[in-house]
Amino acid sequence: MMIDTTIVQELNEILITGVPANMDAVLKKVLDEDEIKIYDFRLTADAYMEVQPITLQWKIPAHNIKGVWKPTTDFSKRIQADWELEHMESRISIDAPVISLFSHDDNNVLTFACSNAINKLELNARIREENNCFYCHVTLFKERKLKLKEFKIQLRIDTGKKHFSSALNETSVWWETFDSLKPAYVPEIAKVPLYSTWYQFHQELNAKELIKECKLAKKLGYEAIIIDDGWQTNDSNRGYDYTGDWLPERLTNPKEFISSIQEIGLKVGFWYSVPFCGKKSKAYQRFKGKFLTENHRWAPVFDPRFPEVRAYLITIYKRAASTWDLDGFKLDFIDDFRLYPDTVLGAIEGRDYASINEAVDRLMTDVINALREINPDVFIEFRQKYTGPAMRKYGNMFRAFDCPGDATMNRVRITDIRMLAGETAVHSDMITWHMKEKVEIAALQMVNTMFGVPQISVKLHQLPKDHLEMVSFYTSYWNEHKDTFINGQFIPSKPLANYPIQQVSKNDSLIVGLYDEYIVHLEQAHKNIDILNAQLATSMIIKVAKNMGRYQCKVYDCKGNRVSQNELILKELIDIEVPACGIVQLTQI
């Protein structure tokens with residue numbers, strides 16, 4: 001085994017364990033710039049051999065570390081001890097191989113990432129109470145019976161003093177440099193507010209009612225609709241017994257239905273649960289013996305290692321895109337392509353891949369290529385947790401994992417996805433609320449999604465008048481400031497407090513989201529400064545770093561009514577009265 005001697009000095013030694021005696025392992029530093037170091041780790045053997053888990057581990061002192069950021073830990077970004085909890089798993093359709101340790105002032109302490117975003121890894125960074133050091137590790141080859149002759153990864157370690165979100169953004173850009181992780185093109189239709197049928201209709205879809213909803217959604221500023229589960233079956237039991245055939249039983253004439261919505265001005269996407277093949281489907285009999293498992297709690301899971309399985313799934317999506325003129329796809333449950341206790345191992349009995357993850361990569365690559373030949377602007381949505389760098393190759397929309405009615409969780413999940421998503425569009429989970437809710441509280445669902453692309457799932461025709469006014473106002477506001485929201489520099493603050501302050505800036509515009517009773521700090525002047533009072537408090541305090549001069553101040557309530565207008569000088573401390581879930585707009589004079 002060869003290890004670059006400088007590594008011992010820089011990181012208290014990267015220890016490598018688990019390398020077989022008949023395999024050569026080489027660890028070498030290949031970059032050292034701006035407190036970023038990249039290491040090549042190579043394994044070679046004379047012949048193909050089965051490899052057990054190999055771990056790269058190092059430690060750092062616990063200096064000014066407040067929490068540990070992982071891609072999908074939601075509210076749990078606290079420090080973990082080395083005796084608790086399981087390690088984080090990363091593979092093609094679960095999470096992303098990156099962890100960031102952040103300080104009490106939101107700065108990066110250590111962000112480490114691996115280049116292998118397809119195969120299964122285990123990662124962690126946990127404190128050891130005996131010496132108050134963080135022990136960080138990446139463990140390779142966690143899948144059973146993987147044979148190889150040669151293997152290479154890169155390990156990237158960033159200790160630069162910058163906002164932790166910048167360290168994550170830069171990690172995402174680094175992943176993009178690998179040919180195996182080039183992101184898919186993101187069409188404009190992936191970046192528009194859309195209407196989803198799921199939370200309000202579930203499987204009880206009605207074509208006439210949906211067309212009526214689409215007409216109103218278009219007037220409110222929505223540009224697409226995703227028809228979720230139920231279009232393909234008359235079964236309404238919320239199960240997956242009939243998945244796999246994907247023949248339109250409930251919406252019996254999909255081409256006519258899609259065309260009628262497109263005439264309104266909305267693009268249309270359909271939902272598909274990619275891995276599931278229900279036992280009541282015809283496909284189940286056809287593909288008997290070609291499943292990863294038949295013991296899944298919902299339905300048997302297709303084995304993508306069979307080329308005929310991949311060809312079948314691709315044909316289904318191609319037919320929908322070409323025959324029905326479908327604009328987009330919500331491809332769901334990709335994370336259920338995984339190793340199960342009863343999964344047959346190896347590239348045997350007609351399987352052309354041994355690795356499930358590599359077979360998924362092949363399947364999804366072929367899917368996106370086939371669909372883009374039919375429609376270069378096709379939109380493809382994936383939801384957490386399959387929103388890592390590998391999934392950016394095939395999907396152009398990432399959505400926060402399901403959190404109906406939970407505005408705070410929606411905000412947190414949007415933020416966590418966005419810091420690693422690059423130019424891939426990041427969508428909220430579908431916004432929903434009780435129609436008898438107070439309008440200001442219903443507005444919390446909207447304002448908590450502003451730093452992602454809003455998706456809505458309420459029956460618009462049943463909403464009270466003031467709710468519709470609120471939806472119209474915030475949807476119009478988002479559309480008006482879309483370029484800033486999507487393309488601006490995004491900085492979320494205080495991850496352990498669930499990002500109560502967020503901001504995005506581009507050119508002379510700054511938008512701040514205030515989600516709790518914190519002071520808004522303005523460090524520099526902008527021509528336009530909008531502050532979303534995304535809470536029920538009715539005042540906000542602004543602390544200005546320097547005298548920024550005169551501004552016109554307009555204050556709006558959550559329905560878009562202007563409640564006050566005056567001039568003020570931005571300096572020192574300013575207390576502004578603003579309605580719950582209202583907006584303060586400051587324009588330089």
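Numbering starts at 1 and runs along the sequence shown.
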**Q** Test your reading of the model: is there a side-chain donor-acceptor pair from Arg392 to the backbone of Ala421, 3.5 Å cut-off?
**A**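 Checking the backbone N and O of Ala421 against the side chain of Arg392, a donor-acceptor pair under 3.5 Å is found.
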**Q** Kindly write out the residues that satisfy side-chain contact (heavy atoms from CB on, under 4.5 Å) with Tyr556, not counting sequence neighbours, or none if the list is empty.
**A** Phe473, Lys554, Arg562, Gln585
**Q** Taking the six-membered ring of Phe490 as reference, does the cationic atom of Arg418 (NZ for Lys, CZ for Arg) lie under 6.0 Å from its centre and within 45° of its axis?
**A**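 Here Arg418 passes the 6.0 Å and 45° test against Phe490.
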**Q** Going by the angle between their ring planes, with limits at 30° and 60°, are Phe382 and Tyr394 parallel, tilted or perpendicular?
**A**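 Phe382 vs Tyr394 ring planes: perpendicular.
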**Q** Regarding Asp416 and Gln384, is there a side-chain donor-to-acceptor distance under 3.5 Å anywhere?
**A**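 Distance-only check fails for Asp416 and Gln384.
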**Q** Charged N to carboxylate O below 4.0 Å: is that the case for Lys59 and Glu130?
**A**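 No, no charged N to carboxylate O under 4.0 Å.
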**Q** Against Asn533, only a single residue in Val520, Val584, Val578 fulfils side-chain contact (heavy atoms from CB on, under 4.5 Å); can you say which?
**A**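 Testing Asn533 for a side-chain contact (heavy atoms from CB on, under 4.5 Å) against Val520, Val584, Val578 leaves exactly one candidate, Val578.
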**Q** Does a donor on one side chain sit under 3.5 Å from an acceptor on the other, for Ser90 and Asp95?
**A** no
**Q** Do Asn357 and Ser355 get their side chains close enough for a donor-acceptor pair, meaning under 3.5 Å?
**A**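 Short answer, no.
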**Q** Before you tell me yes or no, could you show the steps for Asp483 and Lys506 under salt bridge (Lys or Arg N to Asp or Glu O under 4.0 Å), namely the whole-Å CA-CA distance, both residues' side-chain angles and the distance that decides it to 0.1 Å?
**A** CA-CA 8 Å; Asp483 182 46; Lys506 185 178 181 187; 2.7 Å; yes
**Q** Once salt bridge (charged side-chain N to carboxylate O under 4.0 Å, His left out) is applied, what residue pairs with a partner in residues 572-586 remain, sequence neighbours excluded?
**A**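 As it turns out, there is no salt bridge (charged side-chain N to carboxylate O under 4.0 Å, His left out) pair with a partner in residues 572-586 once direct neighbours are skipped.
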**Q** Can we say Lys330 and Asp228 salt-bridge, meaning some charged N sits less than 4.0 Å from an Asp/Glu carboxylate O?
**A**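 Salt bridge between Lys330 and Asp228, a charged N being under 4.0 Å from a carboxylate O: yes.
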**Q** Return yes if some donor-acceptor pair links the side-chain N/O of Ser196 with the main-chain N/O of Ser457 below 3.5 Å, else return no.
**A**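 No.
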**Q** Is there a donor in the side chain of Asn124 and an acceptor in the side chain of Tyr135, or the other way round, less than 3.5 Å apart?
**A**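 Asn124 vs Tyr135: no donor-acceptor pair found between side chains.
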**Q** Anything under 3.5 Å between a donor and an acceptor, one on a side chain of residues 108-119, the other on a protein residue two or more places apart or in another chain? List them.
**A**
| unit_1 | atom_1 | unit_2 | atom_2 | d |
| --- | --- | --- | --- | --- |
| Asn108 | OD1 | Leu110 | N | 3.4 |
| Asn108 | OD1 | Thr111 | N | 3.4 |
| Asn108 | OD1 | Thr111 | OG1 | 2.6 |
| Asn108 | ND2 | Asp158 | O | 3.2 |
| Asn108 | ND2 | Gly160 | O | 2.9 |
| Thr111 | OG1 | Ser100 | OG | 2.8 |
| Ser115 | OG | Gln154 | N | 2.8 |
| Asn116 | OD1 | Ile118 | N | 3.2 |
| Asn116 | OD1 | Asn119 | N | 3.0 |
| Asn116 | ND2 | Asn119 | OD1 | 3.1 |

**Q** Evaluate the criterion salt bridge (Lys or Arg N to Asp or Glu O under 4.0 Å) for residue pair Glu89 and Lys142; output intermediate values, then yes/no.
**A** CA-CA 9 Å; Glu89 175 188 337; Lys142 293 298 295 184; over 6 Å; no
**Q** Relative to each other, are the rings of Phe276 and Phe333 parallel, tilted or perpendicular (30° and 60° limits)?
**A**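 The arrangement is tilted - the two ring planes meet at 30° to 60°.
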**Q** What orientation do Trp298 and His296 show, parallel under 30°, tilted 30 to 60°, or perpendicular over 60°?
**A** tilted
**Q** Run the salt-bridge test on Glu381 and Arg399 with the 4.0 Å N-O cut-off and return the result as yes or no.
**A**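 Between Arg399 and Glu381 there is a salt bridge, with a charged N closer than 4.0 Å to a carboxylate O.
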**Q** With no hydrogens and no angle check, do the side chains of Thr17 and Gln57 hold a donor and an acceptor under 3.5 Å apart?
**A** no
